[in-house]
Amino acid sequence: MQDKINELQESIQQKVSKIANLTDLETMRVQLLGKKGEITQLLKSLGTLSKEERPAAGQLVNKLRVFAETQISTIEQKLSKEKLAQDLQQENIDVTMPGRRRLIGHLHPLTLVLNEMQDLFIGMGFTIADGPEIETDYYNFEALNIPANHPVKDEQDTFYTDEGFVLRTQTSGVQIRVMEQNPVPPIRIIAPGTVYRSDDWDATHAPNFHQIEGLVVDQNVTMADLKGILILFAKKILGENIKTRFRPSFFPFTEPSAEMDINCFVCQDTVNENCPVCKGSGWVELLGCGMVHPKVLQGCNIDPQKYSGYAFGMGIDRIVMQRYNITDIRLLYENDMQFLTQF
Ligand code: DAH
């Protein structure tokens, strides 16, 4: 026993002096003092000795254990200090290095054009009104003279909740909210916002898109005022050379109703039969409009004998596409940096 202990002590001393890093030190600690370590084995073997031999041998093994532990912890302290110094050296910060540039975002083309449109209408005396995207059937359809089972509802299919709410299919409901809140003309508002329809994605359709609604109610308002404002709008936003035309149309909440077209931005002067945007007609539909239906005014407690009004609603996405020559609406929703950084 004595010999074995002397031998071990000597080997510990030798090994410890050669250890150069904390990993090797830990390996050595396990070899000596771990569950199956040499010293642990020695301690366990004491049980096999006779009663007389045991106390003396026990003392010797314990001394060896304390020796090993002290050696290891001394070396550990020394190595830790060295490692810390080394780490500090390596992580030295060079304050003279140039900083890392942060990418700064910018406004989405939809927002850019919307801001411009808002500025234009505000300049003409309009204020901005707002309404909820989760609407009631009443504001989205009923109050706009679109009763249940009206065929127009087919074109504007949408998402319904069990509680009777709909994701609004048009911003026209804001007209009703505005007139209900303050049924005292003159009224002169625009209402921009997101609308939803259960349309599939293609180059000109998206299940959610954006509209801007306009409503003017006052005494002696005529269709001429409506046309004047919309032609001015088209020229200011899409360029002085834009061509416009009005076609008779139907909307349940206006009478008479019309649609305004602009000349196709893809075809320009040479109308192309295969044009994906105008399909060869040379014209692109831009908005719906008309004189507010007397029934709608009445429903909001505005006297149609005394007042008249006009309204219009247009897709902002279409205008953005026209403006920047974008032939696929999906580009506006894909968040592709290569596309977005062009604006
Ligand atoms: N809300 C209609 C649509 O989404 C567009 C529209 C047509 C709005 C005529 C109007 C209007 O205010 O007078 O198709």
Side-chain angles (χ1 to χ4, degrees), residues 117 121 126-133 135-147 150-159 166-180 187-199 204-218 221-231 233-234 244-262 284-297 299-300 302 304 307-319 329:
M117 287 163 65
F121 280 111
F126 287 71
T127 52
I128 294 173
D130 199 11
E133 288 174 27
E135 249 312 357
T136 60
D137 190 79
Y138 177 76
Y139 287 110
N140 197 70
F141 295 120
E142 191 96 22
L144 291 162
N145 202 22
I146 309 172
H150 194 290
V152 159
K153 276 186 148 182
D154 273 351
E155 277 168 41
Q156 297 196 11
D157 195 14
T158 186
F159 303 93
V166 298
L167 281 184
R168 69 174 176 192
T169 59
Q170 48 186 354
T171 42
S172 303
V174 186
Q175 289 185 34
I176 308 298
R177 290 181 173 274
V178 166
M179 289 190 282
E180 270 185 5
I187 295 168
R188 195 170 263 266
I189 59 106
I190 53 165
T194 311
V195 299
Y196 305 83
R197 294 187 190 178
S198 55
D199 283 341
T204 50
H205 292 90
N208 70 276
F209 56 99
H210 302 83
Q211 286 189 334
I212 209 169
E213 192 78 18
L215 173 72
V216 172
V217 184
D218 204 348
V221 171
T222 71
M223 194 96 183
D225 300 317
L226 168 63
K227 285 180 76 173
I229 259 205
L230 290 178
I231 293 170
F233 157 79
T244 52
R245 74 169 184 190
F246 287 80
R247 279 181 293 110
S249 185
F250 172 79
F251 298 101
F253 42 94
T254 44
E255 181 59 36
S257 304
E259 277 173 72
M260 184 171 96
D261 296 340
I262 47 175
V284 191
E285 175 200 322
L286 193 69
L287 56 86
C289 59
M291 301 305 292
V292 182
H293 198 294
K295 255 188 166 175
V296 174
L297 291 176
C300 299
I302 295 176
Y307 296 107
S308 57
Y310 65 77
F312 55 87
M314 61 187 112
I316 302 173
D317 307 64
R318 290 246 173 110
I319 293 165
I329 193 172

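Residue numbers count from 1 along this sequence. Atoms within each ligand, like the ligands themselves, are counted from 1 in listed order.
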Under 3.5 Å between any N/O of Q175 and any N/O of ligand 1: does that happen in this structure?
yes

Regarding ligand 1, does G288 bring an N or O atom to under 3.5 Å of one of the ligand's N or O atoms?
no

Do you know which two heavy atoms are closest between [X] and [Y], and how far apart they sit?
X    : Y    : value
D225 : T222 : OD2-N, 2.9 Å
T254 : S257 : OG1-OG, 2.6 Å
S172 : L144 : CB-CD1, 3.7 Å

Would you confirm whether the ring centroid of F233 sits within less than 6.0 angstrom of the ring centroid of F126?
no

List every atom of ligand 1 that sits less than 4.0 Å from any heavy atom of [X], numbering the atoms from 1 in the order shown and giving each element.
X    : value
G290 : 13 (O)
F251 : 7 (C), 9 (C)
E213 : 8 (C), 10 (C), 12 (O)
T254 : 13 (O)
S172 : 1 (N), 8 (C)
Q170 : 1 (N), 2 (C), 3 (C), 4 (O)
A311 : 12 (O), 13 (O)

If we only count heavy atoms from C-beta on, is the V178 to I187 side-chain gap below 4.5 Å?
yes

Counting only heavy atoms closer than 4.0 Å, does ligand 1 sit against the backbone of C289, its side chain, both, or neither?
backbone

Heavy atoms only, cut-off 4.0 Å: how does F312 contact ligand 1, side chain, backbone, both, or neither?
backbone

Return yes if some donor-acceptor pair links the side-chain N/O of N145 with the main-chain N/O of P252 below 3.5 Å, else return no.
yes

Between T171 and P192 (side chain of the first, backbone of the second, donor and acceptor by atom type, cut-off under 3.5 Å), is there such a pair?
no

Should Y310 be listed as contacting ligand 1, given a heavy-atom distance under 4.0 Å as the test?
no

Work out whether the distance between some heavy atom of E155 and some atom of ligand 1 is less than 4.0 Å.
no

Can you check which of E259, R197, M314 brings a heavy atom nearest to atom 14 (O) of ligand 1?
R197

Validate the cation-pi geometry between R177 and Y139: distance from NZ or CZ to the six-membered ring centre under 6.0 Å, angle to the ring axis within 45°.
yes

Checking a contact table here: which protein heavy atom is nearest atom 5 (C) of ligand 1, and how many Å away?
G313 O, 4.0 Å

How close does the nearest protein non-hydrogen atom get to atom 11 (C) of ligand 1, and which residue and atom is it?
F253 CE1, 3.4 Å

Do the side-chain N and O atoms of E213 and Q175 include a donor-acceptor pair separated by under 3.5 angstrom?
yes

Flag if over 12 foreign heavy atoms under 6.0 Å of NZ, K227
no

